[in-house]
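Contents: one structure, followed by commentary.
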2 protein chains.
Amino acid sequence: MDDDCTIYKTADFIGKRWTLVIILALYKGNGTKRYTELKREISGITSKILSLRLKELEKQGLVKKRIDTSTVPISCYYSLSKIGADFIGIIKDMKSWALKWNIDNRVCSMSNCKNCKL
Amino acid sequence: MDDDCTIYKTADFIGKRWTLVIILALYKGNGTKRYTELKREISGITSKILSLRLKELEKQGLVKKRIDTSTVPISCYYSLSKIGADFIGIIKDMKSWALKWNIDNRVCSMSNCKNCKL
DNA sequence: CAGGATCCAAAAGGATACTG
DNA sequence: CAGTATCCTTTTGGATCCTG
């Protein structure tokens, strides 16, 4: 397997645990969220994993981070970049595909999923 | 994180190592391939992982398996189901997305990737 | 507030050998 | 041929505590 292949790498990173959840959390706010907000919203995630994933997403360019140093302590704001926002379409397609074919009897439906709301 | 959510589950399983490679191997042949053929074609994969992934994909309905018992030893043929074939579109979209935004300086390009040929 | 450090448990994957 | 079984290494994630 060639780790340099675009789609393998893409699938590898979106398949990572919590990554999609974080993207969707940022999408749902469709604005900007702080670290602690995200942590509170995404139930079950630990600080370590959240910061780790955010760093990965930032590196990949999906997430933008803004730091406000004028406050004490400093405030960090996260939001989807254009790249990240553009990825939402693919997530929607994945959902449509899964629902169309009824993959692995899922509970959420196109119109109302308590998590993704797509 | 709700493990019942459609898109999390979908991302989880396509993000698994080798899964995408196997789907693409079956797509490229766009016909039917035998276990040993797949193993030979996908360099680096072990018997264990290949059979494990094939089983998962079969369970999810992406892959169909046909067994010919009239031969000795028996012959097994794998191919993409309609569901699996329909998923190729999403893979293509993922690739387009990654290339459009130039994610993580990859080496393959839209027109010629030695692996995926999409 | 926004993490980093450390330690530990669990899971996934690889190597190798074997079989109906 | 088409896998299983076993063992072992590596990776990943979680819990907990700590800090500028």
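Proteins come first, then strands; the chains are lettered A, B, ... in the order of their sequence lines, and each starts at number 1. Computation of the quantities below employed the complete heavy-atom set of this structure, encompassing side-chain atoms and omitting hydrogens, waters and symmetry-equivalent molecules.
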Scan nucleotides 14-20 of chain C against the protein and return all N/O pairs shorter than 3.5 Å with their distances rounded to 0.1 Å.
residue	atom	partner	partner atom	Å
C/dG14	OP2	B/Trp18	NE1	3.1
C/dG14	N7	B/Lys48	NZ	3.4
C/dG14	O6	B/Lys48	NZ	2.3

salt_bridge(A/Asp12, B/Arg17) N-O dist < 4.0 Å: no
Between C1' of C/dG13 and CD1 of B/Ile42, the distance in whole Å: 15 Å
Distance, rounded to the nearest Å, where A/Leu52 contributes CG and D/dA15 contributes P: 16 Å
N or O in side chain of A/Tyr78 less than 4.0 angstrom from C/dC1 OP1/OP2: no
Donor-acceptor under 3.5 Å (B/Trp97 side chain, A/Ile83 main chain): yes
Separation of atom CZ in A/Arg34 from atom C1' in C/dG3, rounded to whole Å: 13 Å
Any side-chain donor near an acceptor of the partner, B/Arg34 and B/Ser75, under 3.5 Å: yes
Over all atoms of both residues, closest heavy-atom pair of A/Phe13 and A/Leu62: CZ-CD1, 3.3 Å
Length of the NZ-P vector between A/Lys55 and D/dG13, whole Å: 15 Å
Ionic contact status for A/Glu41 with A/Lys28, cut-off 4.0 Å: no
Between C1' of D/dA2 and NZ of B/Lys65, the distance in whole Å: 8 Å
Main-chain N/O of A/Gly61 paired to A/Ser81 side chain as donor or acceptor, under 3.5 Å: yes
Side-chain N or O of A/Tyr77 closer than 4.0 Å to phosphate OP1/OP2 of C/dC1: no
Pair B/Lys16 + B/Glu56: basic N to acidic O under 4.0 Å: yes
Sugar-phosphate only, base, or nothing, as touched by B/Thr71 at under 4.0 Å among non-hydrogen atoms: nothing
Nucleotide nearest B/Ser51 (side chain, heavy atoms from C-beta), chosen from C/dG3, D/dA2, D/dT4: D/dT4
Spacing between B/Ile67 atom CD1 and D/dA2 atom P, to the nearest angstrom: 10 Å
Protein-nucleotide distance (B/Lys33, atom NZ; D/dA2, atom P), rounded to Å: 14 Å
Interatomic distance where CD belongs to B/Glu56 and C1' belongs to C/dA11 [whole Å]: 13 Å
